[in-house]
S.K.: 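Could you have a look at this structure, given as structure tokens, before my questions?
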2 protein chains.
Amino acid sequence: MPKKMPKKKEAILKAATVLFANKGFTDTSMHELSELTGAAEGTIFYHFKNKEHLLLTILQTTNESIVEEFDRFIDGREFKNGLHMVEEIVSFYLYLAGIMEFQFLLLQRHYLYKFVAENQDFRSSLEEFYNCISDMFEKAIVRGQQDGSIGNVHPRKTALILFTMVDGVVRFKNFNLYDAGALFNDLIESCRKMLKPDGETAR
Amino acid sequence: MPKKMPKKKEAILKAATVLFANKGFTDTSMHELSELTGAAEGTIFYHFKNKEHLLLTILQTTNESIVEEFDRFIDGREFKNGLHMVEEIVSFYLYLAGIMEFQFLLLQRHYLYKFVAENQDFRSSLEEFYNCISDMFEKAIVRGQQDGSIGNVHPRKTALILFTMVDGVVRFKNFNLYDAGALFNDLIESCRKMLKPDGETAR
DNA sequence: TAAAAAACCGACTGAGCGCTCAGTCGGTTT
DNA sequence: AAACCGACTGAGCGCTCAGTCGGTTTTTTA
């Protein structure tokens with residue numbers, strides 16, 4: 001983790017994350033960013049060579065901190081079986097999406113994909129995030145199939161479906177359509193039923 | 001359905017739908033739109049009083065045609081039971097999201113929510129769309145619980161989870177992350193398992 | 001077929017944008 | 001005490017944008 005960062009630089013990164021997530025890239029002006037942080041416009045360009053590079057920096061730090069959070073989560077925990085691990089990943093994803101609201105919102109915004117299509121650095125960061133999540137689900141499913149807590153499903157495809165599910169719930173929450181919390185129990189229950197071995201009775 | 005529309009007006013609506021969906025609202029310029037349609041910039045403002053009103057018109061026609069498609073789909077079909085109906089709705093949603101790619105992409109773009117928050121007309125259109133889909137799922141679930149094809153789940157909440165699932169898959173497809181088609185069979189199978197009555201053996 | 005109405009045109013405007021740059025300032029090194 | 005440093009400043013430049021306006025062409029109507 002990079003420490004010792006100039007005050008203004010840190011303030012700019014923080015404010016820009018919120019603005020880029022809420023208002024979008026083009027709809028956020030450097031002037032607005034300068035007013036909000038108390039930094040002069042020139043200061044922003046002193047720290048970041050241009051607007052796009054500011055976004056890239058935000059995307060990279062966001063990706064790093066999310067991947068790091070998940071690594072720490074997986075390492076520091078014992079899961080009694082694969083199914084339980086899936087459930088915990090879902091919970092933790094929703095938890096993180098709550099406390100890192102703006103970062104997750106940013107990752108879902110479609111304008112990122114213009115940059116991803118044109119810039120390798122953007123692509124790398126975003127791919128790492130997506131792979132991190134889907135690999136985690138896949139590992140949990142494979143483990144569950146070994147210990148018998150999960151039935152005979154296609155690990156990769158089912159991992160992707162789980163990912164789209166939690167991602168969809170987060171999107172609904174970010175769009176202020178529905179409260180993710182209210183759906184939590186039913187979501188976990190749905191996952192259990194989706195994954196449980198054939199012929200078993202639901203809990 | 002409004003017929004008899006001036007040639008250029010129709011061309012503008014069509015092109016703007018694609019541009020607003022792919023590039024976003026702010027990143028689409030009226031000049032670009034004028035070049036692409038062969039209409040002069042003045043013509044655009046002759047038909048639509050400003051850029052925002054052009055977007056609103058697109059949102060309204062999009063919403064109307066999607067709701068209409070679903071109404072026709074539900075009316076013109078017999079479902080052998082509630083579960084089957086859920087499966088068919090999921091299929092049809094994915095089918096529509098394929099042939100109306102840009103309209104669905106537009107509906108998912110986050111910048112819409114700035115307008116929704118500030119403008120009642122935007123809000124009405126978007127709410128109608130979301131209610132149409134979730135109500136349909138809910139009705140199918142309730143019917144399934146009556147005919148015994150669906151187990152004891154919370155109808156509304158489960159409807160929302162189904163919605164977030166298909167919506168999530170469409171988003172992954174629109175982001176070019178994964179192919180929705182490759183996930184189709186596993187998605188339907190997941191829905192079946194999620195919904196099936198307790199104690200039954202999977203097919 | 002002439003008049004009226006609707007559709008269309010494109011040069012133009014001024015506000016706002018990203019970004020530059022010459023320069024200030026307090027602290028460290030030489 | 002001179003030289004150098006990174007952090008920061010804000011006026012200003014070149015340019016793009018949404019929206020306007022006075023005029024022309026096409027279509028409808030009487």
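Residue numbers begin at 1 in each chain, while the letters A, B, ... track the order of the sequences. Quick caveat, the model's predicted, so the values are computed rather than measured.
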S.K.: Please state how far atom OH in B:Tyr46 lies from atom C1' in C:dA6, giving the value in whole angstrom units.
M.R.: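 From B:Tyr46 OH to C:dA6 C1': 4 Å.
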S.K.: Just call it for A:Thr37: base, sugar-phosphate, or nothing, with non-hydrogen atoms closer than 4.0 Å on any strand.
M.R.: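 Here A:Thr37 touches no strand at all.
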S.K.: Nearest whole angstrom, please: distance from the P of C:dC19 to the NE2 of A:His53.
M.R.: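 Result: 12 Å.
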S.K.: What's the closest nucleotide to the B:Glu41 side chain, out of D:dA18, D:dT9, D:dA7?
M.R.: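 Nearest nucleotide to the side chain: D:dA18.
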S.K.: Expressed as a whole number of angstroms, how long is the span from B:Leu55:CG to D:dA18:P?
M.R.: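 In whole Å, D:dA18 P and B:Leu55 CG are 13 Å from each other.
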S.K.: Using a cut-off of 4.0 Å on non-hydrogen atoms, how would the nucleic acid contact of B:Ser29 be classed: base, sugar-phosphate, or nothing?
M.R.: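 Touches sugar-phosphate only.
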S.K.: Out of C:dC8, C:dT20, D:dT20, which nucleotide sits closest to the side chain of B:Lys7?
M.R.: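 Selected nucleotide: C:dC8.
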S.K.: Does B:Lys9 qualify as a cation-pi partner of B:Tyr46, given the criterion of NZ or CZ under 6.0 Å from the six-membered ring centre and within 45 degrees of its axis?
M.R.: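 The answer is no; the distance or angle limit is not met.
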S.K.: End-to-end bend of the helix from C:dT1-D:dA30 to C:dT30-D:dA1 (five-pair axes, 10° rounding)?
M.R.: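 Comparing the first five pairs with the last five, the axes sit 10° apart.
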S.K.: Between the side chain of B:Glu69 and the main-chain N/O of B:Leu96, is any donor-acceptor distance below 3.5 Å?
M.R.: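 No, because the side chain of B:Glu69 does not come within donor-acceptor range (under 3.5 Å) of the backbone of B:Leu96.
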S.K.: Using atom types as modelled and distance alone, determine if a side-chain donor or acceptor of A:Thr62 lies under 3.5 Å from a backbone N or O of A:Ile58.
M.R.: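 Side chain of A:Thr62 to backbone of A:Ile58: a pair is present.
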S.K.: Specify the separation, in whole Å, of atom CZ of A:Phe48 and atom P of D:dA7.
M.R.: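 After rounding, the gap between these two atoms is 12 Å.
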S.K.: Between D:dA7 and A:Thr43, is there an OP1 or OP2 to side-chain N/O distance shorter than 4.0 Å?
M.R.: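 Checking A:Thr43 against D:dA7: no side-chain N or O falls below 4.0 Å of OP1 or OP2.
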S.K.: Are B:Lys173 and B:Glu101 close enough, and set up right, to give a salt bridge (Lys or Arg N to Asp or Glu O under 4.0 Å), and what steps lead you there?
M.R.: CA-CA 10 Å; B:Lys173 194 201 71 179; B:Glu101 183 184 351; 5.9 Å; no
S.K.: For side-chain hydrogen bond (donor to acceptor under 3.5 Å, both in side chains), just list the numbers for A:Gln120 and A:Ser124, CA-CA rounded to whole Å, side-chain angles, deciding distance to a tenth of an Å, and then say yes or no.
M.R.: CA-CA 6 Å; A:Gln120 177 60 45; A:Ser124 306; 3.0 Å; yes
S.K.: From CD of A:Glu35 over to P of D:dT9, roughly how many Å is that when rounded to an integer?
M.R.: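 The answer, rounded to whole Å, is 13 Å.
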S.K.: As a test of reading the structure: which of D:dC8, C:dA7, C:dC9 is closest to the side chain of B:His47, going by heavy atoms?
M.R.: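 Nearest to the side-chain atoms of B:His47, counting from C-beta on, is C:dA7.
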S.K.: Is A:Arg156 salt-bridged to A:Asp135, going by a charged N under 4.0 Å from an acidic O?
M.R.: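 A:Asp135 and A:Arg156: salt-bridged.
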S.K.: In whole Å, I'd like the distance from the NZ atom of B:Lys8 to the P atom of D:dT25.
M.R.: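 B:Lys8 atom NZ is separated from D:dT25 atom P by 15 Å.
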S.K.: Taking for each residue the nucleotide of DNA chain D with the nearest heavy atom, is it A:Gly42 or B:Lys51 whose nucleotide lies nearer the 5' end?
M.R.: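 Looking at the nearest nucleotide for each, A:Gly42 comes out on the 5' side.
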S.K.: Please report the distance, rounded to the nearest Å, between CG in A:Leu54 and P in C:dC17.
M.R.: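 About 16 Å, once rounded to whole Å.
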S.K.: Where the side chain of B:Met30 is defined as all heavy atoms beyond and including C-beta, which of D:dC8, D:dA18, C:dC8 is the nearest nucleotide?
M.R.: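 Per side-chain heavy atoms of B:Met30, the pick is D:dA18.
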S.K.: Between B:Tyr111 and A:Tyr111, does the ring centroid distance fall short of 6.0 Å?
M.R.: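 When the ring centroids of B:Tyr111 and A:Tyr111 are compared, they turn out to be at least 6.0 Å apart.
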S.K.: For the side chain of A:Phe45, counting heavy atoms from C-beta on, which of C:dC9, C:dG18, D:dT20 is nearest?
M.R.: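 In terms of side-chain proximity for A:Phe45, the closest of C:dC9, C:dG18, D:dT20 is C:dG18.
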S.K.: Taking it one step at a time, do A:Lys114 and A:Glu118 satisfy salt bridge (Lys or Arg N to Asp or Glu O under 4.0 Å)?
M.R.: CA-CA 7 Å; A:Lys114 196 193 69 185; A:Glu118 289 164 3; 5.6 Å; no
S.K.: Could you give the NE2-to-C1' distance, from A:His31 to D:dA11, as a whole number of Å?
M.R.: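 It is 13 Å, rounded to the nearest whole Å.
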S.K.: Can you check whether B:Asp167's main-chain N or O pairs, donor with acceptor, with B:Gln108's side chain at less than 3.5 Å?
M.R.: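 At least one qualifying donor-acceptor pair exists.
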S.K.: Please confirm whether the backbone N or O of A:Ile161 pairs with a side-chain atom of A:Thr164, one donor and one acceptor, at under 3.5 Å?
M.R.: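 Flag set: sc A:Thr164 to bb A:Ile161 pair under 3.5 Å.
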S.K.: Identify which nucleotide among C:dG10, D:dA18, D:dT9 has an atom closest to any side-chain atom of A:Ala40, counting heavy atoms from C-beta outward.
M.R.: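 Among C:dG10, D:dA18, D:dT9, the one nearest the side chain of A:Ala40 is D:dT9.
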S.K.: Does anything in residues 17-27 of chain A come within less than 4.0 Å of DNA chain C? Heavy atoms only, and list the residues if so.
M.R.: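 Residues of residues 17-27 of chain A that come under 4.0 Å of DNA chain C do not exist, since none gets that close.
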